[in-house]
Trainee: 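Below you'll find the structure I mean.
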Amino acid sequence: MDQVADSLRGDGALGSGGGSADRRVVLVLGASGFLGPHVLERAAARPGWTVAAGARDPRRSCPPLTGVAFEPVAIDLASCAAISSALERCAPTHVLNLAAIASQGVCEAQPELANRINAAAPGEIAAWCQGHGARLLHVSTDLVFGAEPAPPGGFDEDALPAPVSVYGQSKWAGERAVLDACPAALVVRLPLLFGDSRGRGLGATDGLLAALARGPFTLFKDEWRTPLEVGAAAAALVELVAGDARGILHVAGPERVSRLDLGLAALAAVGSAAGDLEPPRASLRADAGAADRPGDTSLDARRAAALLSFELPGLQAGIDRWATDRGFAPD
Ligand SMILES: NC(=O)C1=CN([C@@H]2O[C@H](COP(=O)(O)OP(=O)(O)OC[C@H]3O[C@@H](n4cnc5c(N)ncnc54)[C@H](OP(=O)(O)O)[C@@H]3O)[C@@H](O)[C@H]2O)C=CC1
Ligand SMILES: Cc1cn([C@H]2C[C@H](O)[C@@H](COP(=O)(O)OP(=O)(O)O[C@H]3O[C@@H](C)C(=O)[C@@H](O)[C@H]3O)O2)c(=O)[nH]c1=O
């Protein structure tokens, strides 16, 4: 680990959290998940940025990324001591915290673990960043909403969260822990993400293909989201961590889309490559015994759109990007 820290420090120690104006050590926690590799690729492309990939066993769990240089940082967020020792050794100037128990099912089954990773650990990371002058961007979710349907145009950043799941509750608690410990931090709420998961069946489109390969699957026609292609989400996060926006920001697609619409658009893009996958069935959540799932957690991302250098893509642009990344040729 020490040699990793030394290589991160390059010519002379950056100190903890400090660093020369143009040199940045950017630690991406949760680097091995669905979103992480897309963030690593964009951070590593930034001139002067040294990128560290944080996970429990990053050498094993991070998918291979051609031409992307990053330092693996082994860190287990279940341990407060592990967090502070890893941060002290890495001495990041910027931290992007993507890490989470992001499965609603796992959170329901293991609420203590969900609260440890999604709420307590972000607060500890934020306290370190506050004490060391490091920039922190913490990722949250639209599922901090759900008890009431989104208003026309979606929830804005002033809307009071009302989660209906352990996952949503733990992520909301994480937001509060971060901003209490590090008021200059930025919390970015993301919507349902889709896109290339590097062959791992993660996210709403690769996940759908994986589900259909296992057997019949039902898509909800009364579950509404403002989904965003994962590469665009990553690009937004990298731009925002380099800036100085603080507080809460919604980054989402511009369109309110049902899970059925999203699934059908994905399958249309796959075309004949879908082979003999059985088309998904359409259902209301209640008819599938899923009435307690949040109905409409659409996000209003106009504030972020005003800060970003690029336009957040709508559904079809995102699906087209996913189809290209996955190599699906239009029929
Ligand atoms: N996917 C989506 O549709 C959306 C996701 N989000 C948020 O975006 C972020 C990334 O989500 P996504 O990429 O899908 O999540 P994944 O479930 O794909 O990845 C979770 C990441 O967290 C890390 N992690 C989990 N437990 C620990 C631990 N004990 N110590 C260290 N690292 C840990 C995992 O690393 P490892 O297991 O290798 O240690 C992995 O890198 C999350 O904060 C999520 O809440 C928000 C909205 C939508
Ligand atoms: C959407 C959907 C889900 N399901 C089933 C599949 C799965 O077992 C279960 C949970 O759905 P998903 O796994 O798709 O979870 P999903 O609703 O996609 O939740 C995601 O939402 C975003 C915002 C996040 O923050 C992510 O971390 C993740 O929690 O419901 C269906 O049967 N049909 C559907 O149309």
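Numbering of ligands and ligand atoms starts at 1, following listing order.
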Trainee: Heavy atoms only: give me the nearest Ala282-Leu260 pair and the separation to one decimal.
Mentor: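 Looking at all heavy atoms of both residues, the closest pair is CB-CD2, 3.7 Å.
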Trainee: Indicate yes or no for a side-chain donor-acceptor contact from Thr297 to the backbone of Arg225 under 3.5 Å, with no hydrogens or angles considered.
Mentor: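 Answer holds: no.
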Trainee: Which of the atoms of ligand 2 are close to Leu219, meaning less than 4.0 Å from one of its heavy atoms?
Mentor: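 In order of numbering, the contacting atoms are 35 (O).
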Trainee: For atom 37 (O) of ligand 1, what's the nearest protein heavy atom and its distance?
Mentor: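 For atom 37 (O) of ligand 1, the nearest protein heavy atom comes out as Arg56 NH2, 2.7 Å.
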Trainee: Between ligand 1 and Leu77, is the shortest N or O to N or O distance under 3.5 Å?
Mentor: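 Yes, since at least one N or O of Leu77 sits under 3.5 Å from an N or O of ligand 1.
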Trainee: Where does the angle between the aromatic ring planes of Phe34 and His38 fall among parallel (under 30°), tilted (30 to 60°) and perpendicular (over 60°)?
Mentor: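 Taking His38 first and then Phe34, their aromatic rings stand perpendicular (interplane angle over 60°).
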Trainee: Which ligand 1 atoms are under 4.0 Å away from a heavy-atom of Val139?
Mentor: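 Reading through ligand 1 atom by atom, the close ones are 7 (C), 8 (O), 9 (C), 43 (O).
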Trainee: Which is it for Glu223 and ligand 2 at heavy atoms under 4.0 Å: side chain, backbone, both or neither?
Mentor: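 It is the side chain that gets close, since no backbone atom is under 4.0 Å.
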Trainee: Quick one: nearest non-hydrogen protein atom to atom 46 (C) of ligand 1, plus distance?
Mentor: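 Of the protein heavy atoms, Ser140 O, 3.3 Å lies nearest.
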Trainee: Number the atoms of ligand 1 from 1 as they appear, then name those within less than 4.0 Å of a heavy atom of Ala102, with their elements.
Mentor: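 Close to Ala102: 15 (O), 17 (O).
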Trainee: With heavy atoms under 4.0 Å as the rule, classify the contact between Asp142 and ligand 2 as side chain, backbone, both or neither.
Mentor: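 Only the side chain of Asp142 comes within reach of ligand 2.
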Trainee: Could you say whether the N/O atoms of Leu190 and ligand 2 ever approach to under 3.5 Å?
Mentor: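 It does not: no N or O of Leu190 is found under 3.5 Å from an N or O of ligand 2.
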Trainee: Among Asn118, Val106, Ile101, find the one that has a side-chain contact (heavy atoms from CB on, under 4.5 Å) with Tyr167.
Mentor: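 So the option named by the test is Asn118.
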Trainee: So between Thr141, Thr218, Thr297, whose heavy atom ends up nearest atom 32 (O) of ligand 2?
Mentor: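 When every heavy atom of Thr141, Thr218, Thr297 is considered, Thr218 comes closest to atom 32 (O) of ligand 2.
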Trainee: Is Leu35 in polar range of ligand 1, meaning some N or O pair under 3.5 Å apart?
Mentor: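 Leu35 vs ligand 1: N/O contact under 3.5 Å present.
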Trainee: Among all protein heavy atoms in this structure, tell me which lies nearest to atom 5 (C) of ligand 1, with the distance rounded to 0.1 Å.
Mentor: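 Its nearest protein heavy-atom neighbour is Leu193 CD1, 4.3 Å.
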Trainee: Does the residue Tyr167 have a heavy-atom contact with ligand 1, meaning some pair of atoms that are separated by less than 4.0 Å?
Mentor: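 Flag set, Tyr167 near ligand 1.
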Trainee: Got a second to check how far Leu312's CG is from His250's NE2, nearest 0.5 Å?
Mentor: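 One finds 13.0 Å between CG of Leu312 and NE2 of His250.
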Trainee: Counting heavy atoms only, which part of Ser103 comes closer than 4.0 Å to ligand 1: side chain, backbone, both or neither?
Mentor: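 Contact part for Ser103 vs ligand 1: neither.
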Trainee: Determine whether a donor-acceptor pair (N or O, by modelled atom type, separation under 3.5 Å) exists between the side chain of Arg24 and the backbone of Gly48.
Mentor: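 Here the side-chain-to-backbone pair does not exist.
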Trainee: What I want to know is whether Phe34 and ligand 1 share at least one N or O pair that is separated by under 3.5 angstrom.
Mentor: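 Min N/O separation from ligand 1 is below 3.5 Å for Phe34.
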Trainee: So, regarding Lys171 and ligand 1 (criterion: nitrogen or oxygen to nitrogen or oxygen, under 3.5 Å), is there a contact or not?
Mentor: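 Checking ligand 1 against Lys171, an N or O pair does fall under 3.5 Å apart.
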Trainee: Can you pull out the closest protein heavy atom to atom 36 (P) of ligand 1? Residue, atom name and distance to 0.1 Å, please.
Mentor: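 Checking every protein heavy atom, the shortest distance to atom 36 (P) of ligand 1 gives Ser32 OG, 3.5 Å.
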Trainee: Can you confirm, on distance only, whether ligand 2 has an N/O atom lying under 3.5 Å from any N/O atom belonging to Arg259?
Mentor: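 Yes - when backbone and side-chain N and O of Arg259 are compared with those of ligand 2, one distance drops under 3.5 Å.
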Trainee: Going by distance only, is there an N or O of Pro191 that falls short of 3.5 Å from an N or O of ligand 2?
Mentor: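 N/O-N/O distance under 3.5 Å: no.
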Trainee: Nearest heavy atom to atom 24 (N) of ligand 1: which of Ala100, Gly168, Ala55, Gly174 does it belong to?
Mentor: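 Among Ala100, Gly168, Ala55, Gly174, the closest heavy atom to atom 24 (N) of ligand 1 comes from Ala100.
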Trainee: When rounded to the nearest 0.5 angstrom, what is the spacing between CZ in Arg293 and CG in Leu143?
Mentor: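 Taking CZ in Arg293 and CG in Leu143, the distance rounds to 8.0 Å.
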Trainee: At under 4.0 Å between heavy atoms, which part of Ala31 makes contact with ligand 1: side chain, backbone, both or neither?
Mentor: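 For Ala31, the contact with ligand 1 is made by the backbone alone.
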Trainee: Counting only heavy atoms, which portion of Pro191 has something under 4.0 Å from ligand 1: side chain, backbone, both, or neither?
Mentor: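 Near ligand 1, Pro191 shows its backbone, while the atoms from C-beta on stay back.
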Trainee: Mark up the atoms of ligand 2 that fall under 4.0 Å of a heavy atom belonging to Leu143, in ascending order.
Mentor: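 Under 4.0 Å from Leu143, ligand 2 has these atoms: 21 (O), 23 (C), 29 (O).
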Trainee: Can you tell me if Arg293 has a non-hydrogen atom under 4.0 Å from ligand 2?
Mentor: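 For ligand 2, residue contact (heavy atoms, under 4.0 Å) with Arg293 is present.
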Trainee: Considering non-hydrogen atoms only, spot the tightest contact between Val166 and Ala114 and give its length.
Mentor: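 What the structure gives for the nearest pair is CG1-CB, 4.1 Å.
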Trainee: For atom 24 (C) of ligand 2, what's the nearest protein heavy-atom neighbour? Residue, atom name and distance, please.
Mentor: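 Checking every protein heavy atom, the shortest distance to atom 24 (C) of ligand 2 gives Tyr167 OH, 3.6 Å.
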Trainee: Anything under 30° is parallel, anything over 60° is perpendicular, the rest tilted; go ahead and classify Phe145 against Phe155.
Mentor: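 Correct class here is parallel.
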Trainee: Looking at CZ of Phe220 and CZ of Arg285, how far apart are the two atoms once the value is rounded to the nearest 0.5 Å?
Mentor: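 If we round to the nearest 0.5 Å, Phe220:CZ and Arg285:CZ are 8.5 Å apart.
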Trainee: Is it the side chain (CB and beyond), the backbone, both or neither of Arg189 that lies under 4.0 Å from ligand 1, heavy atoms counted?
Mentor: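 None of Arg189 does.
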Trainee: In a check of side chain to side chain donor-acceptor pair (under 3.5 Å) between Arg326 and each of Thr205, Asp196, Asp206, which one passes?
Mentor: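 By the side chain to side chain donor-acceptor pair (under 3.5 Å) criterion, Arg326 pairs with just one of Thr205, Asp196, Asp206: Asp206.
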Trainee: Do any nitrogen or oxygen atoms of Gly33 lie less than 3.5 angstrom from nitrogen or oxygen atoms of ligand 1?
Mentor: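 Min N/O separation from ligand 1 is below 3.5 Å for Gly33.
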Trainee: Counting only heavy atoms, tell me which of Ile75, Asp76, Asn97 gets closest to atom 29 (N) of ligand 1.
Mentor: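 Minimum heavy-atom distance to atom 29 (N) of ligand 1 goes to Asp76.
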Trainee: Between ligand 2 and Gln104, is the shortest N or O to N or O distance under 3.5 Å?
Mentor: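 Yes, there is a polar N/O contact under 3.5 Å.
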Trainee: Please determine whether any non-hydrogen atom of Gly203 lies less than 4.0 Å from an atom of ligand 1.
Mentor: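 False for this residue.
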Trainee: For ligand 1 and Asp57, I'd like to know whether there is a polar contact (N/O to N/O, distance under 3.5 Å).
Mentor: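 It does not: no N or O of Asp57 is found under 3.5 Å from an N or O of ligand 1.
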Trainee: Under 3.5 Å, side chain of Glu255 to main-chain N/O of Val257, donor-acceptor pair present?
Mentor: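 No; zero donor-acceptor contacts below 3.5 Å.
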Trainee: How far is atom 9 (C) of ligand 1 from its nearest protein heavy atom, and which residue and atom is that?
Mentor: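 Among all protein heavy atoms, the one nearest atom 9 (C) of ligand 1 is Leu98 O, 3.1 Å.
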Trainee: Would you find a donor on one side and an acceptor on the other, under 3.5 Å apart, between the side chain of Arg246 and the backbone of Leu179?
Mentor: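 No, Arg246 side chain to Leu179 backbone: no donor-acceptor pair under 3.5 Å.
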Trainee: For Gly30, is at least one N or O under 3.5 Å away from an N or O on ligand 1?
Mentor: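 Min N/O separation from ligand 1 is below 3.5 Å for Gly30.
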